Amino acid sequence: MSKTAYVRTKPHLNIGTMGHVDHGKTTLTAAITKVLAERGTGTFVPFDRIDRAPEEAARGITINIAHVEYETDTRHYAHVDMPGHADYVKNMVTGAAQLDGAVLVVSALDGIMPQTAEHVLLARQVGVDHIVVALNKADGAGDEELVDLVELEVRDLLTAQGYPGDSVPVVRVSGLKALEGDPRWTASIEALLDAVDTYVPMPERYVDAPFLLPVENVLTITGRGTVVTGAVERGRLRVGDRVSVLGADVETVVTGLETFGKPMDEAQAGDNVAVLLRGVPRDAVRRGHVVAAPGSVVPARRFSAQVYLLSGREGGRTTPVATGYRPQFYIRTADVVGDVDLGAAAVARPGETVRMTVELGREVPLEPGLGFAVREGGRTVGAGTVTAVE
Ligand SMILES: Nc1nc2c(ncn2[C@@H]2O[C@H](COP(=O)(O)OP(=O)(O)OP(=O)(O)O)[C@@H](O)[C@H]2O)c(=O)[nH]1
Ligand SMILES: [Mg+2]
């Protein structure tokens with residue numbers, strides 16, 4: 001195989017815009033790509049190309065998510081802009097969005113609205129520790145004192161949710177005017193990007209943690225062996241490393257490593273990779289298994305969780321669920337049936353957030369903070385986070 005090796009130039013982070021409907025998330029996303037394209041470190045992605053987000057099948061649930069990528073002087077970013085409120089709930093709670101930091105977009109004209117508060121709550125629940133605030137539409141806000149009030153209100157909201165509201169960067173911007181090329185407002189986008197660069201730290205914890213890769217696909221390369229593919233959830237991996245395949249219950253050695261068809265010395269958290277495994281039969285490994293550093297994860301069947309049941313309007317159920325409910329649980333890439341126990345509550349309605357205990361049909365690696373989707377009859381009816389493993 002004569003292929004050029006993959007070159008990692010800048011550290012990579014995943015960020016995204018969140019905030020109430022119509023506060024300008026997509027306009028701001030387009031403006032960021034425009035400003036960086038003019039700096040020469042990105043490609044301009046116009047509004048209508050972001051908003052026409054492709055439907056992507058990720059982790060077995062249909063989610064709507066638009067990715068743009070760009071670079072600042074110091075970092076490479078993948079930026080997600082989610083088109084609707086239900087998409088936030090699904091992508092955040094299942095961890096599909098995988099945000100290292102978020103830009104909370106608040107219209108300076110309207111102030112905080114219900115979904116502003118809900119997205120902050122979701123971000124807190126899924127462990128997004130760093131939020132930068134974009135007070136958008138500042139071009140239309142004639143009265144500075146009113147914008148000062150909105151800023152105070154946002155800082156209070158963040159403080160109430162456990163963020164350092166007093167020290168969070170709040171930048172007054174206009175996505176719309178920056179898109180039109182108005183220099184005052186393109187400067188505001190530069191200021192916002194500087195705030196993101198400096199305030200959102202590198203998520204080194206993922207790279208330094210023990211290696212883990214949820215298996216998305218399995219293939220055979222004739223004469224070389226079995227290859228598993230997927231995104232590295234955490235840690236690093238090199239050729240020669242020992243790994244356990246949980247689900248297949250084998251321990252083996254990595255004999256090859258590639259990304260997008262290029263061989264690599266080391267895979268890191270966030271990379272999409274193909275891993276060649278020594279002496280593992282093709283039919284021993286399946287989607288849903290987990291490749292991990294030996295001894296670093298413990299598979300389990302019982303766990304407690306906090307689950308948001310999607311409302312009927314969001315595509316969820318129209319009738320309540322009760323103890324004894326047996327849906328499918330999508331955990332990382334695994335699809336496993338589970339028995340639900342709602343404890344004292346006994347019954348839960350669509351649109352509610354509930355605590356539950358789940359007994360899975362088979363063991364999978366579990367840990368507090370892990371997100372999952374609840375599915376039934378081919379559609380997503382809930383999104384949850386593991387709170388404790390029993
Ligand atoms: N005056 C002004 N209007 C803006 C600004 N940014 C966005 N808008 C307008 O606000 C409206 C909503 O903008 P979007 O970018 O679609 O908002 P969004 O938050 O992505 O909306 P959803 O994806 O539907 O939640 C559009 O009419 C924009 O032109 C701004 O900085 N100033
Ligand atoms: Mg939008």
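Being a predicted model, the structure only gives us computed values, none of them experimental. Below, each value reflects all heavy atoms present in this structure, side chains not excepted, and no hydrogens, waters or symmetry copies. As the structure lists them, so they are numbered: ligands from 1, and atoms in each ligand from 1.
Annotation: D265, atom CG; neighbour count of heavy atoms from other residues, nucleotides and ligands within 6.0 Å does not exceed 12. Atom CZ of R278 is surrounded by 12 or fewer heavy atoms from other residues, nucleotides or ligands within 6.0 Å. Around CZ of R302, the count of heavy atoms belonging to other residues, nucleotides or ligands within 6.0 Å exceeds 12.
The side-chain heavy atoms of E69 and H76, taken from C-beta on, include a pair separated by under 4.5 Å. Looking at V291 and H289, their side chains never come closer than 4.5 Å, going by heavy atoms from C-beta outward.
Heavy atoms of G175 come nearer than 4.0 angstrom to ligand 1 in at least one pair.
Metal site remark for the Mg ion (ligand 2): M82 contributes no N, O or S atom at a distance under 2.8 Å.
Proximity to V21 (heavy-atom distance under 4.0 Å) selects the following atoms of ligand 1: 24 (O), 25 (O). When each atom of ligand 1 is checked for a heavy atom of S174 under 4.0 Å away, the hits are 30 (C), 31 (O), 32 (N). Numbered from 1 in the order shown, with element, the atoms of ligand 1 that lie under 4.0 Å from a heavy atom of F47 read 14 (P), 15 (O), 16 (O).
Contacts between K137 and ligand 1 below 4.0 angstrom, taking non-hydrogen atoms only, involve backbone and side chain alike.
Checking S304 against E390 by side-chain atom types alone, a donor-acceptor pair falls below 3.5 Å.
When only interatomic distances are considered, the shortest N/O to N/O separation between M82 and ligand 1 does not fall below 3.5 Å. Not a single N or O atom of V173, backbone or side chain, sits closer than 3.5 Å to an N or O atom of ligand 1.
Scanning L109, T27, T26 for the heavy atom closest to atom 13 (O) of ligand 1 points to T27. For atom 30 (C) of ligand 1, the candidate residues are L176, L135, T17; the nearest heavy-atom contact is made by L176. Considering only non-hydrogen atoms, atom 1 (N) of ligand 1 lies nearest to D139 out of D139, D22, D81, L179.
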Throw together a table of side-chain donor-acceptor distances under 3.5 angstrom for residues 164-177, partners on residues two or more places apart or in other chains.
unit_1 : atom_1 : unit_2 : atom_2 : d
S167   : OG     : P164   : O      : 3.3
R172   : NH1    : E144   : OE1    : 3.1
R172   : NH1    : D148   : OD1    : 3.3
R172   : NH2    : D148   : OD1    : 2.7
R172   : NH2    : E151   : OE1    : 2.9
S174   : OG     : D139   : OD1    : 2.8
S174   : OG     : K177   : N      : 3.0
K177   : NZ     : E180   : OE1    : 3.4

For residues 189-199, which side-chain N or O atoms pair as donor and acceptor with protein atoms under 3.5 Å away, sequence neighbours left out?
unit_1 : atom_1 : unit_2 : atom_2 : d
E190   : OE1    : R39    : NE     : 3.2
E190   : OE1    : R39    : NH2    : 2.4
D197   : OD1    : T72    : OG1    : 3.1
D197   : OD1    : Y77    : OH     : 2.7
D197   : OD2    : T72    : OG1    : 3.1
T198   : OG1    : D194   : O      : 2.8
T198   : OG1    : A195   : O      : 3.4

